[in-house]
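Ligands are counted one by one from 1 in listed order, and the atoms in each one are counted from 1 as well.
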Amino acid sequence: MYNLEDKIVVVTGGARGIGFSITQKFAKQGAISIILDLDQDAIDKAVKEIDDAGYRALGYNTDVTNNKAIKKLFNKIYDEFGKIDILVNNAGITKDGLLMKMKEEDWDKVITVNLKGTYNCTQAISRYLLKQREGVIINIASIIGIMGNAGQANYAASKGGIIALTKSTAKEFAARNIRVNSIAPGFIKTKMTDKLSDEIIDSYSKAIPLSRMGLPEDVANLCIFLASDQSSYITGQTINIDGGLIM
Ligand code: NDP
């Protein structure tokens, strides 16, 4: 149905959490999933799990904030496979704190990983997608980038920036048949949200009309749809996946 057989898919932060679920889901659809992540052990474990299940994945230990290394890596991937079809900009971090007390380094780090990392990978892949006149970019934003959140000014700004970047690149690339969309997850059960106290999780879950936190697979399912031809007339959009938390 999704026709993703033999597609070359790069997923940043693809070794863990939502990124791993996305990597796994693409591989199950017959794609070759390429993980870019920081921790070699996590990459090896993720690749092995996909290999053992009979699907295809490989991984590179790379920091999305390193513009030169990212350009080199995309060049290597293109040389090896002769094409790159899909990029999922998923790598992201939080460093929460009230703005009054937020350290400059915590502001910089979150903006650099989340927003500049998305710019780095988008720019690196764009020369190949533009040449191919075909491709899909999916950016993992957050509902926090739409609604804001006390204690997450850096994270909200980075995700709001990703939504604006999505619209601008969708406009720049549309004439070459390249679609760019964002996914804005709500509260999804991963290492990132495991840091939250039971009290906070409980209060958010009560506010979610579907009365539960999301699962990484929920996000991965939307990602597959947005990467496939089933969504061929959708570009520049941000789709919330949050159990109805914001409407
Ligand atoms: P996790 O922390 O579970 O996974 C993030 C992955 O990104 C990790 O493998 C991490 O590596 C990797 N990563 C971090 N920094 C870099 C970097 N500089 N270069 C390459 N890889 C990096 O997070 P989630 O799966 O929860 O989140 C995935 C995305 O979804 C993020 O963009 C997040 O903002 C977004 N999101 C998540 C929500 C949630 O509720 N979980 C809600 C809304 C959005 P390592 O662990 O080794 O540092």
Starting from atom 19 (N) of ligand 1, find the nearest protein heavy-atom neighbour and note its residue, name and distance. Val64 N, 3.1 Å
Between Thr166 and Asn139, is there a side-chain donor-acceptor contact under 3.5 Å, judged purely by atom types and distance? yes
Within the distance-only criterion (no hydrogens, no angle test), does the side chain of Asn75 pair as donor or acceptor with the backbone N or O of Lys71 below 3.5 angstrom? no
Taking only heavy atoms of Asp63 into account, list the atoms of ligand 1 that are under 4.0 Å away from them. 17 (C), 18 (N), 19 (N)
Between atom CD1 of Ile140 and atom OG1 of Thr12, what is the distance when rounded to the nearest 0.5 Å? 8.5 Å
Same apolar cluster (I L V M F W Y, side chains within < 4.5 Å links), Val180/Tyr119: no
In the protein, what heavy atom is nearest to atom 30 (O) of ligand 1, and what distance, to one decimal place, separates them? Ile140 CG2, 3.3 Å
Strictly by modelled atom types, are Gln132 and Tyr128 linked by a side-chain donor-acceptor pair under 3.5 Å? no
If we number the atoms of ligand 1 from 1 as shown, the ones under 4.0 Å from a heavy atom of Asp39 are 47 (O)
With backbone taken as N, CA, C and O and side chain as the heavy atoms from C-beta onward, which portion of Val113 lies under 4.0 Å from ligand 1: side chain, backbone, both, or neither? side chain
Check the pair Trp107, Glu104 against side chain to side chain contact (heavy atoms under 4.5 Å, CB included), reporting the backbone distance first and the verdict last. CA-CA 5 Å; Trp107 173 270; Glu104 186 183 354; 5.5 Å; no
Please identify which atoms of ligand 1 are closer than 4.0 Å to at least one heavy atom of Thr193. 39 (C), 40 (O), 41 (N)
Numbered in order shown, the ligand 1 atoms found under 4.0 Å of a heavy atom of Gly17 are 3 (O), 25 (O)
Of all the non-hydrogen atoms in the protein, which one sits nearest to atom 47 (O) of ligand 1, and at what distance? Arg16 NH2, 3.1 Å
Can Ile143 be reached from Ile188 by stepping across I, L, V, M, F, W or Y side chains whose heavy atoms are under 4.5 Å apart? no
Does either side chain, that of Glu134 or that of Asn177, offer a donor lying less than 3.5 Å from an acceptor on the other one? no
As a check for students: among Thr12, Thr62, Ile70, Ile18, identify the option with a heavy atom nearest to atom 20 (C) of ligand 1. Thr62
Please confirm whether Pro216 approaches ligand 1 to less than 4.0 Å, judged on its heavy atoms. no
Among Ile162, Asn181, Ile146, the one residue meeting side-chain contact (heavy atoms from CB on, under 4.5 Å) with Thr238: Ile146
Between the side chains of Asn114 and Lys159, does any donor sit under 3.5 Å from an acceptor? no
Quick check on contacts: which atoms of ligand 1 are under 4.0 angstrom from a heavy atom of Phe187? 40 (O)
Euclidean distance, Ile183 CD1 relative to Ile239 CD1, rounded to 0.5 Å: 7.0 Å
Best match, Thr190, Leu38, Asp37: closest heavy atom to atom 11 (O) of ligand 1: Asp37
For ligand 1, is there an N or O atom under 3.5 Å from any N or O atom of Ile188? yes
For atom 7 (O) of ligand 1, what's the nearest protein heavy atom and its distance? Gly13 CA, 3.3 Å
With a 4.0 Å heavy-atom cut-off (strictly under), which part of Lys159 contacts ligand 1: side chain, backbone, both or neither? side chain
One residue to check: Tyr155. Relative to ligand 1, which of side chain, backbone, both or neither has a non-hydrogen atom less than 4.0 Å away? side chain
Between OG of Ser158 and NZ of Lys95, what distance do you get to the nearest 0.5 Å? 12.5 Å
Mark the output for Gly186 as yes if a heavy-atom distance to ligand 1 is under 4.0 Å, and as no if none is. yes
For ligand 1, which part of Asn114 has a heavy atom less than 4.0 Å away: the side chain, the backbone, both, or neither? neither
I want to confirm something. Looking only at heavy atoms, which of Gly92, Ala91, Ala184 is nearest to atom 21 (N) of ligand 1? Ala91
Compute the shortest N/O to N/O distance between Ile93 and ligand 1 and return yes if it is under 3.5 Å, no if not. no
Would Ile234 and Leu4 show up in the same hydrophobic cluster when neighbours are defined by side-chain heavy atoms closer than 4.5 Å? yes
For ligand 1, is any non-hydrogen atom under 4.0 Å from Pro185's backbone (N, CA, C, O), its side chain (CB onward), both, or neither? both
So, taking the atom named CD1 in Ile18 and the one named CG in Leu215, what distance separates them when rounded to the nearest 0.5 Å? 10.0 Å
Can you tell me the protein heavy atom closest to atom 3 (O) of ligand 1 and the distance? Lys191 CB, 3.7 Å
Side chain or backbone, does Ser142 bring an N or O within less than 3.5 Å of an N or O on ligand 1? no
What protein heavy atom sits nearest atom 32 (O) of ligand 1, and how far off is it? Asn90 O, 2.7 Å
